[in-house]
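Following: one structure in structure tokens, then a few remarks.
Hydrogens, waters and symmetry mates play no part in the numbers below; they use all other heavy atoms, side chains included. Every chain is numbered from 1, with letters handed out A, B, ... down the list of sequences.
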2 protein chains.
Amino acid sequence: MASDHTRSAILAAAERLYADRGFGDVTLRDIVAEANVNLAAVNYHFGSKDELIAELFVTRSIATNRERLRELKAAEEQGGGRAPIEVILHALVGPTLRGCLGPENQRSTAARFMIRASIESVPPIRRIKNREIDHLRKFAGAMRRSLPDRSDVEIYWGLNFALAMAHHTIRESERLTKLSDGKCDLDDVEDVVARVVSVATMALTAGRTEAKAPSRLAAR
Amino acid sequence: MASDHTRSAILAAAERLYADRGFGDVTLRDIVAEANVNLAAVNYHFGSKDELIAELFVTRSIATNRERLRELKAAEEQGGGRAPIEVILHALVGPTLRGCLGPENQRSTAARFMIRASIESVPPIRRIKNREIDHLRKFAGAMRRSLPDRSDVEIYWGLNFALAMAHHTIRESERLTKLSDGKCDLDDVEDVVARVVSVATMALTAGRTEAKAPSRLAAR
DNA sequence: GATAGTTTCATACAACTGTTTGAAATGCAA
DNA sequence: TTGCATTTCAAACAGTTGTATGAAACTATC
């Protein structure tokens, strides 16, 4: 165990570099240079490059997921096992958006790293993301309890669209800013959260009987 | 000019391999083996690996964008310069979804390639995507004409959310299928399109005066 | 059918990658 | 201090990558 100093220096340097330059063109040599440690240290402490990336991503994911579940649990307890759908959705997308958006200069390295992880897709991260399903199921369950008259299909689509809006907004935040000439203020995180929650709520609660049946209607 | 045979053999092989295995682990040597041409042929005909990828992606993007604009133009002409918002949104997300979803076994190589391009992010493709803004502006314009009482901000957010739902559904189609135990049928493309259009329309038309002002409302 | 231009080919190149090695240094307990 | 385990280090390794080269094989024109 000893010092752990090298280990955390590597983690910090790697997170910083990946956040700034992406996974694509950051090599182990870049990382150890930034961390002022020897090249072999990475393999000694982490086993491999992929395991280093994985550890980085897992740490951050766990933090976000814990935050999500904390909000969810609090809401359900307060509502006697049933939380309003807006609050559930808020717990779902809030932590991620709050972690990844906001004024750039005060955006944490962790946040910038997570944005990278959501833009660039790299094998070790993809593997971990695939295990996120169990976590999402908990939200699906809460949503079902909140909207007992909605079918499972509608619940899952609502969940999918909520995540879609949150993640896409993060991924393409730069483009949206440019496209809208800065009119869409992505630094006002709570406004973004409110927008996503609002639309997702509509998707889940609107009396949309039409989408089930005649598919081609909207095309007309 | 001559035969062009080698050139198109490379393009076809590359698209197939990238679609199947992703950009990450397909090398030029894999491509030329699949195409039955010499290794040097890629650099001779395309200049570099990146230019090959770019050409592949540009070709498919242009096709999609043309399709989008064709639908949009037709709709606006029919409506005397002003199309219903649902139809505009349909023109925006329809071609992409139609190109990338649907029964897997009848999904074209081109479609699978475009899915890859949206999942794995690779430098030459990212560069091209950044130039897509002008194209999106045309849709923003049409949406503004369709909803003259909506502010620009609302238009852009609606556009953003529509693209978000479409792209995320494509990217995470596998996960959504697994999460929903197959209850969400992603092979019924027109149903998916209808869902996206329906939610995006709600986002754009609902009397949502609240999102502008008190940000923290949804959290309660 | 000679010639000029294009295209193909085998091969080599140069650079970079993550990983391993084995010895040196360090820390720590007895 | 001795001895043992952990940690660091420089160096090399093995593999792969995209790209360049220069000769050979074509193709078409005159």
Taking every non-hydrogen atom, the tightest pair across A/Ser118 and A/Ile170
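Closest pair (atom of A/Ser118, atom of A/Ile170, distance): OG-CG2, 4.4 Å.
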For [X] and [N], what is the distance between atoms [atom1] and [atom2] respectively, to the nearest whole Å?
X: B/Asn38; N: D/dT21; atom1: CG; atom2: C1'; value: 12 Å
X: A/Ile10; N: D/dT7; atom1: CD1; atom2: P; value: 12 Å
X: B/Leu52; N: D/dT19; atom1: CG; atom2: P; value: 10 Å
X: B/Glu51; N: D/dG18; atom1: CD; atom2: C1'; value: 13 Å
X: B/Tyr44; N: D/dC26; atom1: OH; atom2: C1'; value: 11 Å
X: A/Asn36; N: D/dT8; atom1: CG; atom2: P; value: 13 Å
X: B/Ile31; N: D/dT17; atom1: CD1; atom2: P; value: 11 Å

Does D/dG18 have its OP1 or OP2 closer than 4.0 Å to a side-chain nitrogen or oxygen of B/Asn43?
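It does not, given that no N or O in the side chain of B/Asn43 lies less than 4.0 Å from OP1 or OP2 of D/dG18.
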Distance check: side-chain N/O of A/Thr6 vs OP1/OP2 of D/dT8, anything under 4.0 Å?
yes
Separation between CZ of B/Arg68 and NE2 of B/His135, rounded to the nearest 0.5 Å
5.5 Å
Quick one: are the ring centres of A/Phe113 and A/Phe23 less than 6.0 Å apart?
yes
Residue among B/Arg127, B/Arg126, B/Met114 satisfying side-chain contact (heavy atoms from CB on, under 4.5 Å) with B/Phe57
B/Met114
A/Asp152 and B/Ser180: side chain donor to acceptor below 3.5 Å:
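No - no donor-acceptor pair under 3.5 Å links their side chains.
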Side-chain donor-acceptor pair under 3.5 Å between B/Ser48 and B/Glu51, yes or no?
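B/Ser48 vs B/Glu51: donor-acceptor pair found between side chains.
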More 5' along DNA chain C: B/His45 or A/Gly47, using each one's nearest nucleotide?
B/His45
What string of B, S and - do you get for nucleotides 12-17 of chain C 5' to 3' if you count protein non-hydrogen atoms under 4.0 Å?
B----B
Identify whether any heavy atom of A/Ala41 sits under 4.0 Å from a base atom; if not, whether one sits that close to sugar-phosphate; answer base, sugar-phosphate or nothing.
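Counting heavy atoms under 4.0 Å across all strands, no contact is made by A/Ala41.
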Counting only heavy atoms not in A/Glu174, do more than 12 sit closer than 6.0 Å to its CD atom?
no
